[in-house]
Amino acid sequence: MRVAIIGAGPCGSALATFLARQGAEVALFDDGRRPELLVGESLVPAVTPILERLGIEEETATFGLVKPGVSFIWSPTDRFSFTFARFAPAVPPYAYNIPRPRFDEALLAKAVAAGANRTVARARLEPTGRDGAELALAPETLAAAPMLAGRQPDLIVDATGRARLSARALRIPAQVGPRNDVAHFAHFEGWSWDDAPGQVLIARLKAGWSWCIPFKERLSVGIVVGREDADRLGRTPAERLERAITVDAWLSSIAGGAKRVTSVATYSNYQLISQRGYGPGWVMVGDAFGFVDPMLSPGVFLALRSAELVAEALSPFLRRRVIPSAAELGSALRSYAAVQTSMLVAWSDLVAYFYDGRMLALLRAGRSWMDGGSSVIKGAAQRHIERHVALQASGVRTTSRYSRGLLRWLGRHGLRGVEPADLAIR
Ligand SMILES: Cc1cc2nc3c(=O)[nH]c(=O)nc-3n(C[C@H](O)[C@H](O)[C@H](O)COP(=O)(O)OP(=O)(O)OC[C@H]3O[C@@H](n4cnc5c(N)ncnc54)[C@H](O)[C@@H]3O)c2cc1C
């Protein structure tokens, strides 16, 4: 099977590795874009076993920092810290914080070592009706990959991230989420720390929220704020980030005395799920299919998992060394697209609990319930609830019907007088 993968981000490179290992002929189009900073620096625990399967966990450990957990800092008295090890073995006991450009390089090198043919070119796709396909590589893109010898591939994979090349070519609509924020971030040296090494800190700001992601030698500090609030903070990204650090007492205690050692990168922060993820001869993976808000860091997991799912869907054909018919390919990709959509929806629902204050209200209510006198039954109930939240937020079982149902029930009946609106992100 000849597969063209467009985009050498984490998703494209991971899929190229999985497919090349199974004997597919893979042309991996890399646009050669290498910015100094890329978002996607904090990974969830469910990524760790995928890194093992890709054979890059050891290398990741050399440039990444082990992330033992996450702390949510919503006010001077509302600080909740979680370590993944507490939920092991159901949850992998650790994840990583990674400088993304270095991580992407490692994944790409793995794909090339597995036999993928890297083509440095900005690919273009065109709608087509030829040979039952819906999309084709544009002539100059086809010509750029000698491996394809001028013949359209059996499958085109759109791994172009937010560029969403296939959705644009085919005008596929998307379901868009409620927020439209802007994110600014940079790396710092010489920061102060008030938590465990490697712990990721997510803090509520007067408007929006911030992240602190520690690496071996640097700290990534980012803010995610509404556009009007961003304008109020300053004119340029650097002014806004600096001002956000100065005016927030807690953020200032961490990064106020630190030195910025990179430029300030800017991203739009919105949420999007494509209404169609595959068609005759093509499929979307990773961010090209959809992305959710980054507060809980699911993006790279969703990207790598979608690569695995597509590789698994193609595996019966690769094992038998047959080219699937359009109908066979369609039915193999249909279940992948359904699973990917349900993961995107489940993550979007979970993150909404943090934005509207229900999750922090539940944590506060749980704490005061335990402070009011503990018992064996109360302890067991609290552990049960925390375990199911951890299973979702770690990526291990985000789509579990029981875990999601439990959270919904608690959101309605377990708040014990705590008002979620007081703990919402503005
Ligand atoms: C503010 C913010 C913070 C985030 N923080 C986190 C986090 O902490 N943890 C986390 O897991 N996720 C985070 N994410 C999400 C994460 O960055 C993405 O989900 C992840 O990068 C998706 O990987 P991908 O491979 O699908 O796409 P990408 O990483 O976008 O890779 C796509 C690649 O395709 C290339 N490309 C595009 N068009 C073409 C073309 N025409 N031809 C060839 N190549 C092309 C691009 O240059 C790029 O290299 C964050 C996102 C935002 C907005």
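Quick caveat: nothing in here was measured; it's all calculated off a predicted structure. Hydrogens, waters and symmetry mates are skipped; everything else that's a heavy atom, side chains included, is used. Atoms within a ligand are numbered from 1 in the order they appear, just like the ligands themselves.
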Decide if atom CD of Glu228 counts as having more than 12 heavy atoms of other residues, nucleotides or ligands within a radius under 6.0 Å. no

Taking only non-hydrogen atoms of Ser42 and a 4.0 Å limit, the atoms of ligand 1 in range are 7 (C), 8 (O), 9 (N), 10 (C), 11 (O)

Look at the aromatic rings of Tyr270 and Phe291 and report parallel, tilted or perpendicular, splitting at 30° and 60°. perpendicular

Whether Asp195 and Arg79 form a salt bridge (side-chain N of Lys/Arg under 4.0 Å from carboxylate O of Asp/Glu) is what I want to check. yes

Check each atom of ligand 1 against the heavy atoms of Ala183 and keep those under 4.0 Å away; list them by number with element. 1 (C)

So does Asp349 pair up with Arg404, basic N to acidic O under 4.0 Å? yes

Should Ala288 be listed as contacting ligand 1, given a heavy-atom distance under 4.0 Å as the test? no

Going by distance alone, is a donor N or O of one side chain under 3.5 Å from an acceptor N or O of the other, for Ser81 and Gln199? no

Polar-atom distance check: Asp287 versus ligand 1, any N or O pair below 3.5 Å? yes

For Arg34, is the CZ atom crowded, meaning more than 12 foreign heavy atoms sit under 6.0 Å from it? yes

For atom 37 (C) of ligand 1, what's the nearest protein heavy-atom neighbour? Residue, atom name and distance, please. Thr160 O, 3.5 Å

Polar-atom distance check: Ile213 versus ligand 1, any N or O pair below 3.5 Å? no

For ligand 1, which part of Val44 has a heavy atom less than 4.0 Å away: the side chain, the backbone, both, or neither? neither

Residue among Val157, Leu15, Leu135 satisfying side-chain contact (heavy atoms from CB on, under 4.5 Å) with Val283: Val157

Give the residue, atom name and distance (to 0.1 Å) of the protein heavy atom nearest atom 45 (C) of ligand 1. Asp31 OD2, 3.3 Å

For atom 32 (C) of ligand 1, state which one of Ala159, Ser306, Ala95, Gly299 supplies the nearest heavy atom. Ala159

Pairs in or reaching into residues 109-119: which pass side chain to side chain donor-acceptor pair (under 3.5 Å), with residues at least two apart or in two chains? Asp30-Arg118

Does at least one non-hydrogen atom of Arg100 fall below 4.0 angstrom from an atom of ligand 1? yes

Shortest protein heavy-atom distance from atom 34 (O) of ligand 1, along with the residue and atom involved: Gly7 CA, 3.3 Å

Quick one: look up the protein heavy atom nearest atom 11 (O) of ligand 1 and list residue, atom name and how far away it is. Val300 N, 2.8 Å

Short list, please: which atoms of ligand 1 are under 4.0 Å from a heavy atom of Leu165? 41 (N)

Mode of Ser297 contact toward ligand 1 - side chain, backbone, both, neither (heavy atoms, under 4.0 Å): both

Ion pair Asp356/Arg358, N-O distance below 4.0 Å: yes

One finds that the ligand 1 atoms under 4.0 Å from a non-hydrogen atom of Arg122 are 38 (N), 39 (C), 41 (N), 42 (N)

Suppose we measure from atom 31 (O) of ligand 1 to each protein heavy atom; which comes out shortest, and what is that distance? Gly9 CA, 3.5 Å

With a cut-off of 6.0 Å (strictly less than), are more than 12 heavy atoms of other residues, nucleotides or ligands near CD of Glu312? yes

Under 4.0 Å to a heavy atom of Ala121 - the qualifying atoms of ligand 1, by number: 42 (N), 43 (C)

Take Phe354 and Phe72 through the test ring-ring contact (aromatic ring centres under 6.0 Å, His included) and record every step on the way to the result. CA-CA 10 Å; Phe354 285 80; Phe72 297 96; 5.1 Å; yes

Within 6.0 Å of CZ in Arg243, more than 12 heavy atoms from elsewhere: no

Please identify which atoms of ligand 1 are closer than 4.0 Å to at least one heavy atom of Gly286. 26 (O)

For ligand 1, which atoms sit closer than 4.0 Å to a heavy atom of Cys11? 24 (P), 25 (O), 26 (O)

Any side-chain donor paired with an acceptor under 3.5 Å for Glu41 and Ser220? yes

If you have a sec, work out which protein heavy atom is nearest atom 52 (C) of ligand 1 and how many Å separate them, to one decimal? Val39 CG2, 3.6 Å

Got an N/O contact under 3.5 Å between Ala123 and ligand 1? yes

Among all protein heavy atoms, pick the one closest to atom 5 (N) of ligand 1 and tell me residue, atom and distance. Gly40 N, 3.5 Å

For Ser394, give me all partners under side-chain contact (heavy atoms from CB on, under 4.5 Å), at least two apart in sequence or on another chain. Pro45, Val91, Val396

Near Arg162 (heavy-atom distance under 4.0 Å), the atoms of ligand 1 are 53 (C)

Report the part of Ala163 (side chain from C-beta onward, or backbone N, CA, C, O) that has a heavy atom under 4.0 Å from ligand 1; answer both or neither where that applies. side chain

Considering non-hydrogen atoms of the protein only, which is the closest contact for atom 27 (O) of ligand 1, and what is the distance? Gly161 CA, 3.6 Å

